[in-house]
Amino acid sequence: MRQQLMEKLEAKQDRIIEIRRYLHAHPELSFQEENTARYIADFYEGKDCDVKTNIGGHGVVVTIDSGKPGRTLAIRADFDALPITEETGLPFASKNPGVMHACGHDGHTAYMLILAETLIEMKEQLTGKIVVLHQPAEETPPGGAIAMIRDGCLDGVDHVLGIHVMSTMPTGEVAYREGAIQTGRAAFKVKIAGRGGHGSSPHMANDAIVAASEFVLAVQTIISRRLNPFDVGSITIGSFDGKGSFNVIKDAVELEGDVRAMTEETRVLIEKEFRRILDGLAKMFGITYDLDYKNDYPVLMNDENLTAFVASSLQNANIPEITTIVRCEPQPPSEDFAYYAKERPSSFFYVGAMPANGVYYPHHHPKFDINEASLLIAAKAMGTLVADYGDYKEE
């Protein structure tokens, strides 16, 4: 089956690229992907599968039932874009001003559609069921995964697999890692309020900028002085809104930021210390504060046994386009695939997509692009795992 699947995917490579370019030119933001969801659902029209739409919002769930006994494997691809103005100059660049596929989700959807079509054509050679999760809103909390789970997308599912293409990894490389592979995340907004006044009379005011500046520095000591040096965490102040007039003492300052951690224990510790510093700041400067602190995407935990299956299956497949299979380091960004991994044994791995000329831009950059050869690699890699899944044995 595997060889036939590979040949079919090779024959459809041009269609994968065609779909990717169409989606790239027509991006939609998280929670606004109505046209993309309709495009996905229409793709399956007339095909021998079950299609459910509006799952967790704009999600589309496709079930390929072999009609034979066996387990159920879910394979996931996301399809939302980002609020970025594209600067690639590509002939198929975004036609939607200020919106761009700057993370590769167009490629995820393109390879997954053609892989799913091919699996439908070969369903008599499968066992059990394959559930295709076309997920919206990965980029924006609370994310699309958790809503799809609440709508039952994992009902009856035994395992979940996902791929992310990576512009920073060489095309031909596939990377995996068991255990914690991507950070958990929190976002915060805090308003620090003092008392405004005239710049000439600071003794009659209570300067919120001074207090907020102390906070920006103090909060970094959580990472340097409260975390075990072998733990991983970061705190970023992404916005400091203290704009005013040169001779006016601000009465309030608003800050926004981002927290990342590689374990749930670290994430809990950071929040505890974060609040402790604000309480101390209130006493030290006589200010008040209003805090909105939200933990969203959990740490992404790859199941050890399933990830070993991913690595061994791909190593044994001898896919010619895959030149290297490596155990990689954990990745700093967060991913709402983590919600699936909390519910079912799962594995999330990476397919290199560095442009052929070696000039690449990171994800979420206005000049981000991928090597489209990576999409056939992604389809073949996921297709191999689907083909081998019937032989997968849990310890």
Side-chain angles (χ1 to χ4, degrees), residues 138-143 145-146 168 177-195 206-242 250-304 327-339 341-342 346 348 362-364:
E138 186 278 328
E139 297 288 2
T140 304
I146 194 166
T168 54
R177 187 182 182 89
E178 72 289 343
I181 191 168
Q182 293 199 209
T183 58
R185 184 177 69 186
F188 62 84
K189 296 180 182 180
V190 60
K191 181 177 181 179
I192 294 174
R195 185 171 64 253
N206 190 5
D207 195 336
I209 284 183
V210 172
S213 299
E214 180 70 21
F215 170 75
V216 171
L217 296 175
V219 79
Q220 295 303 325
T221 66
I222 297 174
I223 304 301
S224 66
R225 288 297 178 268
R226 291 293 176 264
L227 291 194
N228 184 313
F230 294 101
D231 291 341
V232 177
S234 68
I235 300 174
T236 298
I237 306 294
S239 175
F240 187 115
D241 186 3
K250 288 283 289 184
D251 64 342
V253 175
E254 295 185 3
L255 303 93
E256 296 184 46
D258 173 269
V259 175
R260 308 283 170 144
M262 212 59 194
T263 68
E264 291 301 313
E265 293 78 11
T266 298
R267 188 155 73 161
V268 169
L269 174 63
I270 290 175
E271 181 178 357
K272 175 185 174 184
E273 294 296 321
F274 191 99
R275 294 179 182 276
R276 186 180 66 82
I277 287 174
L278 280 172
D279 288 340
L281 200 76
K283 294 178 181 178
M284 182 177 179
F285 287 92
I287 55 90
T288 60
Y289 70 86
D290 181 39
L291 174 65
D292 180 14
Y293 192 106
K294 293 180 179 176
N295 287 298
D296 44 66
Y297 300 177
V299 177
L300 201 170
M301 298 293 296
N302 273 349
D303 180 77
E304 185 171 345
R327 181 177 182 268
C328 63
E329 295 301 312
Q331 302 297 303
S334 303
E335 239 288 349
D336 79 341
F337 186 90
Y339 288 116
K342 287 188 73 173
S346 301
F348 192 73
H363 296 239
H364 296 209

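Residue numbers count from 1 along this sequence.
Between D207 atom CG and S213 atom OG the span is 8.0 Å, to the nearest 0.5 Å. Between I277 atom CD1 and Q220 atom CD the span is 9.0 Å, to the nearest 0.5 Å. In this structure, the separation between CD1 on I222 and CD on E271 is 10.5 Å, given to the nearest 0.5 Å. Separating the NZ atom in K250 from the CZ atom in R195 is a distance of 16.0 Å, to the nearest 0.5 Å. Distance check: K342 NZ to E264 CD gives 6.0 Å after rounding to the nearest 0.5 Å. For the atom pair D231 CG and R267 CZ, the distance stands at 14.5 Å (nearest 0.5 Å).
When all heavy atoms are compared, the tightest approach of A338 to V299 is CB-O, 3.8 Å. For A341 against S346, the heavy-atom pair with the smallest separation is CA-OG, 3.4 Å. V253 approaches F240 most closely through the heavy-atom pair CG1-CE2, 3.6 Å. In terms of heavy-atom proximity, E335 sits nearest to Y297 at C-CD1, 3.7 Å. The heavy-atom pair separating A261 from T266 by the smallest distance is CB-CG2, 3.8 Å. Closest approach of Q182 to M262, counting heavy atoms only: N-CE, 3.5 Å.
Proximity of P332 to R260: side-chain heavy atoms (C-beta onward) are nowhere separated by under 4.5 Å. Looking only at side-chain heavy atoms (C-beta outward), I192 and F285 stay at 4.5 Å or farther from each other.
Here the options are I287, V210, L278, the test is side-chain contact (heavy atoms from CB on, under 4.5 Å), and the partner is F215; only L278 passes.
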### Query
So I223 and I270, side chain to side chain contact (heavy atoms under 4.5 Å, CB included) or not? Walk me through it.
CA-CA 8 Å; I223 304 301; I270 290 175; 4.1 Å; yes
### Task
Under the side chain to side chain contact (heavy atoms under 4.5 Å, CB included) rule, what do H364 and E139 come out as? Steps first, then yes or no, please.
CA-CA 10 Å; H364 296 209; E139 297 288 2; 3.2 Å; yes
### Full working for side chain to side chain contact (heavy atoms under 4.5 Å, CB included) between Y289 and D279
CA-CA 9 Å; Y289 70 86; D279 288 340; 2.5 Å; yes
### Query
Can K189 and K294 be said to form a side chain to side chain contact (heavy atoms under 4.5 Å, CB included), step by step?
CA-CA 9 Å; K189 296 180 182 180; K294 293 180 179 176; over 6 Å; no
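Between the side chain of D258 and the backbone N or O of T236 there is no donor-acceptor pair closer than 3.5 Å.
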